[in-house]
Visitor: 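After the structure tokens below, expect a handful of questions from me.
Hydrogens, waters and symmetry mates play no part in the numbers below; they use all other heavy atoms, side chains included.
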Amino acid sequence: MKRLLCFLEELDKRKIYYRINKIRESILIEVAVPGQRWEVEFFEDDHVEIEKFISDGVLYGQDEIEVLFTEFAD
């Protein structure tokens, strides 16, 4: 818990945007910075997992919304 609180304090101090969520058996901190989104998970057993999603810089128009619905709908 101490590691999680220190991480959140550092994000606040550096004015980095984040959201907190609970997922699986962890607390998930979603961090948004220009061109990247990080998912930092803190687990009860004190280990941390980080996954980074990095943009390739390509921007799409509104037609791409249809791709989202076509490829990822149930």
Side-chain angles (χ1 to χ4, degrees):
M1 182 73 147
K2 184 176 181 180
R3 187 182 298 196
L4 170 61
L5 292 174
C6 288
F7 180 68
L8 293 174
E9 287 174 17
E10 195 67 28
L11 289 171
D12 287 337
K13 184 170 93 175
R14 295 174 185 264
K15 296 181 170 75
I16 296 174
Y17 176 80
Y18 65 91
R19 292 187 309 185
I20 301 173
N21 203 345
K22 181 188 177 301
I23 184 170
R24 302 187 296 175
E25 298 297 320
S26 69
I27 300 297
L28 172 67
I29 311 301
E30 297 173 275
V31 179
V33 294
Q36 298 183 26
R37 187 173 55 82
W38 293 37
E39 292 182 353
V40 184
E41 288 185 73
F42 291 82
F43 291 85
E44 186 175 358
D45 67 1
D46 206 34
H47 85 277
V48 177
E49 294 179 2
I50 300 170
E51 188 169 6
K52 296 181 188 180
F53 301 89
I54 300 173
S55 173
D56 59 7
V58 175
L59 300 176
Y60 300 90
Q62 68 183 23
D63 293 341
E64 197 68 15
I65 292 172
E66 191 58 38
V67 173
L68 173 68
F69 294 145
T70 302
E71 291 186 15
F72 299 100
D74 283 341

Visitor: Salt bridge (Lys or Arg N to Asp or Glu O under 4.0 Å) with D12: which residues, sequence neighbours excluded?
Guide: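 For D12 there are no salt bridge (Lys or Arg N to Asp or Glu O under 4.0 Å) partners, ignoring immediate neighbours.
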Visitor: Should we count NZ of K2 as having more than 12 external heavy atoms under 6.0 Å?
Guide: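 Open.
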Visitor: Other than V40, which residues form its hydrophobic cluster under the rule that side-chain heavy atoms must be closer than 4.5 Å?
Guide: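 Listed partners: M1, L4, L5, F7, L8, L11, I16, Y18, I20, I27, I29, V31, V33, W38, F42, V48, I50.
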Visitor: What residues form a side chain to side chain contact (heavy atoms under 4.5 Å, CB included) with F72, not counting sequence neighbours?
Guide: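 With neighbours one apart ignored, the set is L68.
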Visitor: More than 12 heavy atoms of other residues, nucleotides or ligands under 6.0 Å from CD of E64: yes or no?
Guide: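 Yes, because the 6.0 Å sphere around CD of E64 holds more than 12 heavy atoms from other groups.
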Visitor: Would you give the length of the straight line joining atom CD of E49 to atom CG of L28, rounded to the nearest 0.5 angstrom?
Guide: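 Between atom CD of E49 and atom CG of L28 there are 10.5 Å.
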Visitor: For residues 34-43, pull every pair meeting salt bridge (Lys or Arg N to Asp or Glu O under 4.0 Å), keeping only residues two or more places apart or in separate chains.
Guide: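 The answer is R24-E41, R37-E39.
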Visitor: Output all residues satisfying salt bridge (Lys or Arg N to Asp or Glu O under 4.0 Å) with E10, sequence neighbours left out; order by chain, then residue number.
Guide: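 Counting only residues at least two positions away or on another chain, E10 forms a salt bridge (Lys or Arg N to Asp or Glu O under 4.0 Å) with K13, R14.
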Visitor: Taking only residues two or more places apart in sequence, or in another chain, which ones meet F69 in a side chain to side chain contact (heavy atoms under 4.5 Å, CB included)?
Guide: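 Scan of F69 (side chain to side chain contact (heavy atoms under 4.5 Å, CB included), adjacent residues dropped) gives I65.
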